[in-house]
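Counting starts at 1 for both ligands and their atoms, in listed order.
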Amino acid sequence: MSKLVVVDHPMIQHKLSILRDKNTGSREFRALVKEIGMLMVYEITRDLPLEEIEIETPVTKTRAKVLAGKKLAVVPILRAGLGMVDGILELIPAAKVGHIGLYRDPETLKPVEYFCKLPQDVEEREFLVVDPMLATGGSAEAAIQLLKDRGAKNIRLVCLVGCPEGVKMVQEAHPDVDVYLAALDEKLNDHGYIVPGLGDAGDRIFGTK
Ligand SMILES: O=P(O)(O)OC[C@H]1O[C@H](OP(=O)(O)OP(=O)(O)O)[C@H](O)[C@@H]1O
Ligand SMILES: O=c1cc[nH]c(=O)[nH]1
Ligand SMILES: [Mg+2]
């Protein structure tokens, strides 16, 4: 079974509380999603492998550590996942960005695919699938399956707010995919919204209803 990690750094918890507040407007909401996305990935990438290379400082030759291993790709689940991309790219500017377009049918709560564009070297990359919300888990499960169908082997899921139902669905369908959350909330309500949650992330980022 994969890992579930709740990245509960105090800075992340503080920003998340402002994000949850219904009085937080789109401009601040966007800034916070970006910042929390960056902070989460900073924590998550602690385990990236390093290698030593030889460099020359202004004083002497020395050996210094640089990142090694697989190259990263970030894959936001459209639309709301887009809000996490810029912060992650500030941290990892060389990462490629794939896009998976899914919306959740409001009646069935099942994900509907409308777009998929991924980097060409799918098998060589380590993927971070990003989306602020992990509710029923249907969208994340489908996005991960799309990546796997195209050859991806190394995938992690990074969401801001999740709930037990969504975590269970992803872990059962994809036991090889570790799940990272900033908060594990209590449950889903009858409309498939996370409680207490933060409402509709895409609508709050983009100012739509
Ligand atoms: O775990 P699930 O039950 O699948 O729900 C989570 C999905 O719902 C939201 O997207 P939404 O369908 O609202 O699309 P949007 O990002 O375009 O607003 C959210 O950003 C996730 O992608
Ligand atoms: O609480 C939820 C559930 C699904 N999608 C959202 O944006 N919020
Ligand atoms: Mg939405």
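For the pair Gly137 and ligand 1, a heavy-atom separation below 4.0 Å is found. For Arg204, the closest heavy-atom approach to ligand 2 does not fall below 4.0 Å. Contact between Gly197 and ligand 2 is absent, with no heavy atom of the residue lying under 4.0 Å from the ligand. Ligand 1 has Asp131 within reach: a non-hydrogen atom of the residue lies less than 4.0 Å from it.
Residue-to-ligand polar distances keep Met133 apart from ligand 1: every N/O pair is separated by 3.5 Å or more. Annotation: Tyr114 places no N or O atom under 3.5 Å from an N or O atom of ligand 1; distance criterion only. In terms of polar-atom proximity, Tyr103 is not counted as a contact of ligand 1, lacking any N or O under 3.5 Å from an N or O of the ligand. The N/O atoms of Asp203, backbone and side chain alike, include none that comes under 3.5 Å of an N/O atom in ligand 1.
Regarding atom 2 (C) of ligand 2, its nearest protein heavy-atom neighbour is Tyr193 CD2, 3.4 Å. Annotation: atom 7 (O) of ligand 2 to nearest protein heavy atom, Ala201 N, 2.8 Å. Remark: minimum distance from atom 8 (N) of ligand 2 to any protein heavy atom is reached at Gly199 O, 2.8 Å.
Of the heavy atoms in Leu109, none comes closer than 4.0 Å to ligand 1. Contacts between Ala135 and ligand 1 below 4.0 angstrom, taking non-hydrogen atoms only, involve backbone and side chain alike.
In this model, a donor atom of one side chain and an acceptor atom of the other lie less than 3.5 Å apart for Arg79 and Thr208.
Counting protein heavy atoms under 4.0 angstrom from atom 10 (O) of ligand 1 gives zero.
Counting just the N/O/S atoms of Asp200, the one with the shortest distance to the Mg ion (ligand 3) is named OD1.
Of the candidates Ile194, Thr136, Leu188, Ile194 brings a heavy atom nearest to atom 1 (O) of ligand 2.
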